[in-house]
Amino acid sequence: MVRASAILLRNIRQLLTLRSASGRSGARRGRELSELGIVEDGAVLVQAGKIVAVGTTRELLRHAWVKENSKRIQEIVCRDKVVLPGFVDSHTHPVFAVPRLIDFEKRTAGASYEEIAEAGGGIRASIRGVREASRKALTTAVLRAFNEMAAQGTTTIEAKSGYGLDFASEMKSLEAIRDAANAFPGTVVATLLGAHTVPPEHKAGPDEYVRIVCEEMIPKVARKKLADYVDVFCERGAFTPEQSERILRTAREHGLAVRAHVNQLTEVALERFEEFGPASYDHMDMVSAADLARLAKSATVATLLPAANYFLGLSHFPPARKMIDAGVGIALATDYNPGTAPTVSMPFVLSVACTHMKLSPAEAIVAGTFNGACALRMQDLKGSIEAGKDADLAIFDAEDFREIAYWFAMNRCSATMLNGHFLTTDKAKRP
Ligand code: NIG
Ligand code: FE
């Protein structure tokens with residue numbers, strides 16, 4: 001028997017290529033955000049982890065290589081499927097040891113996220129679990145989350161440290177991300193979030209903790225190539241704009257790219273961070289008119305995380321329509337974390353974006369794929385189904401793309417291909 005050396009997905013009911021109509025390479029804005037590049041009765045040829053050809057089934061069956069190598073091609077008929085680029089979950093916090101059930105229960109009794117954090121819950125409540133956990137135990141938890149994400153169609157994941165909050169525990173967290181990434185067929189981008197909150201032992205002198213982030217963590221991470229990005233939680237109760245600036249400047253000096261949690265609880269003028277060229281500003285539950293105009297002209301993506309608003313029981317959501325109308329490039333991500341967003345599901349995030357932020361299903365799909373890739377500056381490899389790009393595909397049991405955001409709290413993703421490898425779904429199950 002000849003071993004299949006290529007895979008042909010054929011007779012796809014709706015193939016969403018997300019090919020750009022304009023040919024521009026940056027984040028999709030305004031009307032471009034609705035362009036799915038749909039091919040009916042579509043086909044995709046994959047070889048050695050890459051997309052080789054894309055078109056209608058008729059076109060691909062006539063493709064010279066397909067004709068000559070038919071015996072070496074495994075064909076998969078996808079008549080009742082929608083196939084789209086794998087989701088790019090560009091904002092996750094997967095390195096934690098235990099869920100935060102006390103915070104959850106307190107919120108049901110009426111306490112707010114900030115009140116809980118001030119009383120010793122919040123991010124600080126996750127520190128002990130991570131400090132005490134072995135790197136191996138953290139790796140297992142991270143890998144389980146990656147596989148659970150992939151089972152819902154995610155193929156590229158940005159993963160932050162940020163619950164260790166001392167030098168050794170932040171390094172251990174990034175090593176756990178690296179070890180999990182090595183055992184995962186998808187693509188992982190690591191981010192140092194040593195500046196997630198000030199740990200209790202530095203509460204009286206937060207600048208000493210900022211010094212540790214800048215003088216110890218960032219240089220080591222850059223030297224050991226443990227992360228591509230540095231993130232900071234610039235917020236009341238976390239880091240001031242001045243401290244955040246110092247951290248982002250230090251990251252740039254060490255050759256690391258930057259991103260920032262901003263405008264979740266309080267508004268900060270974004271102009272001060274512009275010189276560091278952040279790939280993304282995340283949360284953005286509020287935005288000033290000046291920053292809206294600034295973002296519309298910039299390559300920085302606004303990554304919206306509505307699962308956090310949902311889980312915190314908030315009635316407000318990021319002003320997505322205002323951003324789209326102004327021409328801002330927006331992305332959607334889960335924010336997977338134990339405090340504000342314990343979900344791995346991009347389809348759920350798309351659903352919330354449609355119901356609460358009034359994105360159309362098409363806009364939500366582009367924001368969760370191509371624009372997510374832009375938020376990680378990986379749009380040359382990820383986020384659309386085009387020849388030469390990585391073979392990252394999400395295959396849904398659906399006949400119409402709108403179903404992806406329509407069904408919620410259920411998983412209609414029937415298979416995921418990550419860099420040419422099909423996920424075996426049992427890996428996503430808990431042991
Ligand atoms: O993105 N905002 C800061 N970080 C997380 C929450 C972290 C936590 O509460 O554990 C977020 O929502
Ligand atoms: Fe976050």
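These figures come from a predicted structure and were not determined experimentally. First listed ligand is number 1; within each ligand, the first listed atom is number 1.
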(request) Tell me whether Asp231 has at least one N, O or S atom under 2.8 Å from the Fe ion (ligand 2). (result)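 Here the distance criterion (N, O or S atom, under 2.8 Å) is not met by Asp231, so no.
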(message) Restricting to N/O/S atoms, is His93 within less than 2.8 Å of the Fe ion (ligand 2) or not?
(response) yes
(message) Less than 4.5 Å apart, side chain to side chain, heavy atoms only: is that true for Ile127 and Arg131?
(response)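 Counting from C-beta outward, Ile127 and Arg131 do come under 4.5 Å.
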(message) Are Leu332 and Phe87 packed together at the side-chain level, in the sense that at least one heavy-atom pair is separated by less than 4.5 angstrom?
(response)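 A side-chain contact is absent here, since even the closest heavy-atom pair is not under 4.5 Å.
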State the atoms of ligand 1, each with its element, that fall below the 4.0 Å cut-off from a heavy-atom position in [X].
| X | answer |
| --- | --- |
| Thr340 | 6 (C), 9 (O), 11 (C), 12 (O) |
| His283 | 1 (O), 2 (N), 11 (C), 12 (O) |
| Tyr113 | 6 (C), 7 (C), 8 (C), 9 (O) |
| Arg100 | 8 (C), 9 (O), 10 (O) |
| Ile123 | 7 (C), 8 (C), 9 (O), 10 (O) |
| His91 | 1 (O) |

(request) For the Fe ion (ligand 2), find the closest N/O/S atom on Asp335 and give its atom name. (result)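 The atom in question is OD1.
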(message) I'd like the atom name of the N/O/S atom in His91 lying closest to the Fe ion (ligand 2).
(response) NE2
(message) Out of Phe311, Tyr336, Phe233, who is nearest to atom 3 (C) of ligand 1 when you count heavy atoms only?
(response)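 Considering heavy atoms of Phe311, Tyr336, Phe233, the nearest to atom 3 (C) of ligand 1 sits in Phe233.
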(request) Taking atom CD1 of Ile102 as the centre, report whether more than 12 heavy atoms of other residues, nucleotides or ligands fall under 6.0 Å from it. (result) no
(request) Write out the residue and atom name of the closest protein heavy atom to atom 7 (C) of ligand 1, then the distance separating them to 0.1 Å. (result)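 Checking every protein heavy atom, the shortest distance to atom 7 (C) of ligand 1 gives Tyr163 OH, 3.3 Å.
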(message) Tell me whether the NZ or CZ atom of Arg252 lies within the 45° cone about the ring axis of Phe276 and under 6.0 Å from its centre.
(response)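 Here Arg252 fails the 6.0 Å and 45° test against Phe276.
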(message) Could you check whether Arg412 makes a cation-pi contact with Phe396, meaning its NZ or CZ is under 6.0 Å from the centre of the six-membered ring and within 45° of the ring axis?
(response) no
(request) Keeping the roles fixed (side chain from Asp80, backbone from Glu399), state whether a donor-acceptor pair exists under 3.5 Å. (result) no
(message) Taking Lys322 first and then Asp325, would you say they form a salt bridge - that is, a charged N and a carboxylate O separated by under 4.0 Å?
(response) no
(request) Would you mind telling me if ligand 1 is within reach of the side chain of His196, the backbone, both or neither, using heavy atoms under 4.0 Å? (result) side chain
